[in-house]
Protein chains: 2
Amino acid sequence: MELRQLITFITIVELDGYKKAAGELGYAQSSITAHMKDLEQELGTPIFDRLGRKMVLTEAGKKFLPYAEKIVRLYAKSKEAIQNTTEPSGQLTIGASESLMIYWLPTIIKRFREKYPLVELTMKSIQYDNLTGQLKKGDIDAAILVETLNFNPTELVTNLIKKDELIHVTADAAIMPDTMLVTEYTCSWRPLVEEYLKGVGKEFISRVELPSVEAIKQSVLCGLGNAMLPTFTVENFMKSGDLQEVHNSKREQVGIFTAMHKNKWVSPSMRAFLEVLES
Amino acid sequence: MELRQLITFITIVELDGYKKAAGELGYAQSSITAHMKDLEQELGTPIFDRLGRKMVLTEAGKKFLPYAEKIVRLYAKSKEAIQNTTEPSGQLTIGASESLMIYWLPTIIKRFREKYPLVELTMKSIQYDNLTGQLKKGDIDAAILVETLNFNPTELVTNLIKKDELIHVTADAAIMPDTMLVTEYTCSWRPLVEEYLKGVGKEFISRVELPSVEAIKQSVLCGLGNAMLPTFTVENFMKSGDLQEVHNSKREQVGIFTAMHKNKWVSPSMRAFLEVLES
DNA sequence: TATTATAGTTCAATAATATTGAACTTTGGA
DNA sequence: TCCAAAGTTCAATATTATTGAACTATAATA
C-alpha cells in the first residue's frame, strides 16, 4: 500500500469512475486499474463491485475510505506543518554562560519572546568542559558564551557577536590587593586572568575561587579582594563608583560568541534567535 | 513521500541509527540513506543533523515524527479493520417483498440481530419492476422475494431458499366466488394467478386489485372475494379455519429466492445473513 | 598519535515496479 | 443491432528502488 494508491482510490470515489480519476491524476486508465488491484490484494478483499459499468464501493471499500482519507489528509497536513514554518515555532534550547545569562540575555530573551511567542525557549547553563558534547548530543541547539577572541574549535561554527574586555576591578582604585577572586578553572576566560597576572608579575598572588561572577562581584564590593571581570558584568557599578578599575591595569580582549555544531541544521527558530542576538 | 519511507524514518528514530534500521527492515544501509534523502527533499528541510556519527532529529524532524507515526499507525489500523472482519459489521441493506417482510422475515431478522449485533441492517421494500436496477445502484445489497420457480434473470445470482405454493383461499370452502382479489401487475406471482384462472376456465372472472397481501387477506376474511396467496401468508388462518382452500383447486409452485448482482462481492455481513436465512 | 572499527554517503549497476498503449470484454444506449 | 463508453489484460517500456563497493568522517583504542 502506498500513498499514491490511496490518493487514486479517493479520487475514484470522488469523481465516480476510473476514467475520470485517470484524467484528473494524469494516469492512463490501466494504471488506475493496477493501483486498485494492488490495494485490493493487500487488503484481501475487493473494494469496488464492478456492477455493469458502474463502480460501486463494496462494504469493505466503504470501511476503508475514511482511513484512506484520514491518511492522505494527515500527509498533506504534515507537509504543510513542516514547509510553512514561516513563523518560528517548536522547541529551542540555548546554552549560555552564567554571567551572560544574568547580565546580558534577559533583555534579549524578552525581545525574542515578544517577537516569536510560538517558540518554546529553554535556557540551560553550559558546561565549558564539554561544550561540543552538549551540542552534539542535542542537549542544546546552540551556545552563547564569553571566550578569548581566537575561539574557534573544529566541529563548531562560531560567531562573534560582540567584543568585550576583561577589566581589573577593585573597590578602591588606588590599590591592587593581595587577593585575586577568580572563577573556576573550566571558566572560559580563566586562562586570560592567569596570563594577565603573569604579565604584571603577580602570578604567585593568592587566589580565592568562587562559583559565580555574581559572588565574585559582591565579594569585591566588600573589599575581600579584586578581580578580572568582563565589563558588561560591572558596568553599572563602575558608573556608580562602587567599583573602580585598577590604575594602569591592562585590559584583556574577550568576545561574546555563539557556537553550534557545524553540521547542525539552522532551524527558523534558531535563525530568528540569532537575528535578535545580533540586533 | 511514501509509506515505506515513513516506516524507515520511524524505525531510525526508534533504533537510533541508520544501520540498525537497515538491519531491522532488511534494507542495505544505502537504501535507508536514499529514503531519508527523498523525505528531506519532499519536506524541503533536513530531518536529521549528522552530528559526528550520531543522527539527531532536527527541529523539523521532531515536528514531523508524530505525523509519520500517526500515518503509519492509521495504515496498520485500516488494514486490520478490513482484514480482520471475522465479526460481520457495517451496513447491510436487504430488499424484501412486502409479504415476506410481514410473515417470514421478522423472526429471521431477530435471530440475525442477536447473532451479529454490529451489523446495521436496513430493510427496504423492493420495486419488482426494477430489481436489477436497485441491486446495481447499490440501493440494496440483496433482495429476498417470492418468484416462480424458473426465476433466473441474467445479471443476477439467485438462490432458492424454500419452495412454497400459491393456494386458492376463501372464507367459505364450498364456493368459489365471482370476485378474485389480486395483487398489482408488477407483483412477482401475479402471472401465476392469471395462469391458474385460465387453467380453471375462469379467465374472465372479475378482479379487484389491492395494494398489499394483508389487505387482500382481510378482504377475503370478510367474504369480499377469494384469492391466490402463498401458503406462508395464510397458514395461521388455515389452521384456525377462518380461511379455507377452495375444493379441488390446483396449487401453483413458487419459491422464496435471494437475488444479488452477479459481480457483487459477498461481504462477511452478507454471508452471515444468507446463512441465517438458510437455517 | 597513529590505527582501526563504525556509521553514513555517493554513485554506478542492477533489480524491481510502475506506467503505458493496444487489443479485448462487457454493458448501456441509439 | 451496432456503437460508444468504461474497465481489464498483457506485453513492452519507462521509471525508480535497491544494492554493493569505494569513500568520508568520526569515535574508540592501542
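Each chain gets a letter, A, B and so on, in the order its sequence line appears, and its residues count up from 1. All values derive from a computational prediction rather than experimental measurement.
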> Quick one: which of A:Arg4, A:Met1, A:Gln5, A:Glu2 gives a side-chain contact (heavy atoms from CB on, under 4.5 Å) with A:Asp38?
Replying inline: A:Gln5
>> Using the side-chain contact (heavy atoms from CB on, under 4.5 Å) definition, which of the options B:Glu155, B:Lys262, B:His261 pairs with A:Leu51?
In response: B:His261
Round to a whole Å and report the spacing from [atom1] of [X] to [atom2] of [N].
X        : N      : atom1 : atom2 : answer
A:Ile32  : D:dT8  : CD1   : C1'   : 13 Å
A:Asn263 : D:dT24 : CG    : C1'   : 12 Å
B:Arg50  : D:dA27 : CZ    : C1'   : 19 Å
B:Leu25  : D:dA17 : CG    : P     : 16 Å
B:Glu42  : D:dT16 : CD    : C1'   : 15 Å
B:Asp49  : D:dA25 : CG    : C1'   : 16 Å

> Counting any heavy atom closer than 4.0 Å, what does A:Gly133 reach on the DNA or RNA strands: base, sugar-phosphate only, or nothing?
Replying inline: nothing
> Which is true for B:Glu155 with a 4.0 Å heavy-atom rule: it touches a base, it touches only sugar-phosphate, or it touches nothing?
Replying inline: sugar-phosphate
> Just checking, is any N or O donor in the side chain of A:Ser89 or B:Lys63 under 3.5 Å from an acceptor N or O on the other one?
Replying inline: yes
Please answer whether the main-chain N or O of [Y] pairs with a side-chain N or O of [X] as donor and acceptor at a distance below 3.5 Å.
X        : Y        : answer
A:Asp164 : A:Gly255 : no
B:Asp49  : B:Thr58  : no
B:Ser31  : B:Tyr27  : no

>> Just to be sure I understand the geometry, which residues of residues 33-40 of chain A put a non-hydrogen atom under 4.0 Å away from DNA chain C?
In response: A:His35, A:Asp38
Is [X] atom [atom1] crowded by more than 12 heavy atoms from other residues, nucleotides or ligands, each under 6.0 Å away?
X        : atom1 : value
B:Arg271 : CZ    : no
A:Glu278 : CD    : yes
A:Lys70  : NZ    : no

> Under a 4.0 Å N-O cut-off, is there an ion pair linking A:Glu24 with A:Lys19?
Replying inline: no
>> Distance under 4.0 Å to a non-hydrogen atom of chain A counts as contact; along DNA chain C, which nucleotides mark the start and end?
In response: C:dA18 to C:dG28
Please list, pair by pair, any protein nitrogen or oxygen found under 3.5 Å from a nitrogen or oxygen in nucleotides 3-6 of chain D.
{"from": "D:dA5", "atom 1": "N3", "to": "A:Arg53", "atom 2": "NH2", "distance (Å)": "3.4"}

> According to the interplanar angle, ranging from 0 to 90°, do the rings of B:Phe64 and B:Phe9 count as parallel (below 30°), tilted (30 to 60°) or perpendicular (above 60°)?
Replying inline: tilted
>> Reading DNA chain C from 5' onward, which residue's closest nucleotide shows up sooner: A:Leu51 or A:Gln5?
In response: A:Gln5
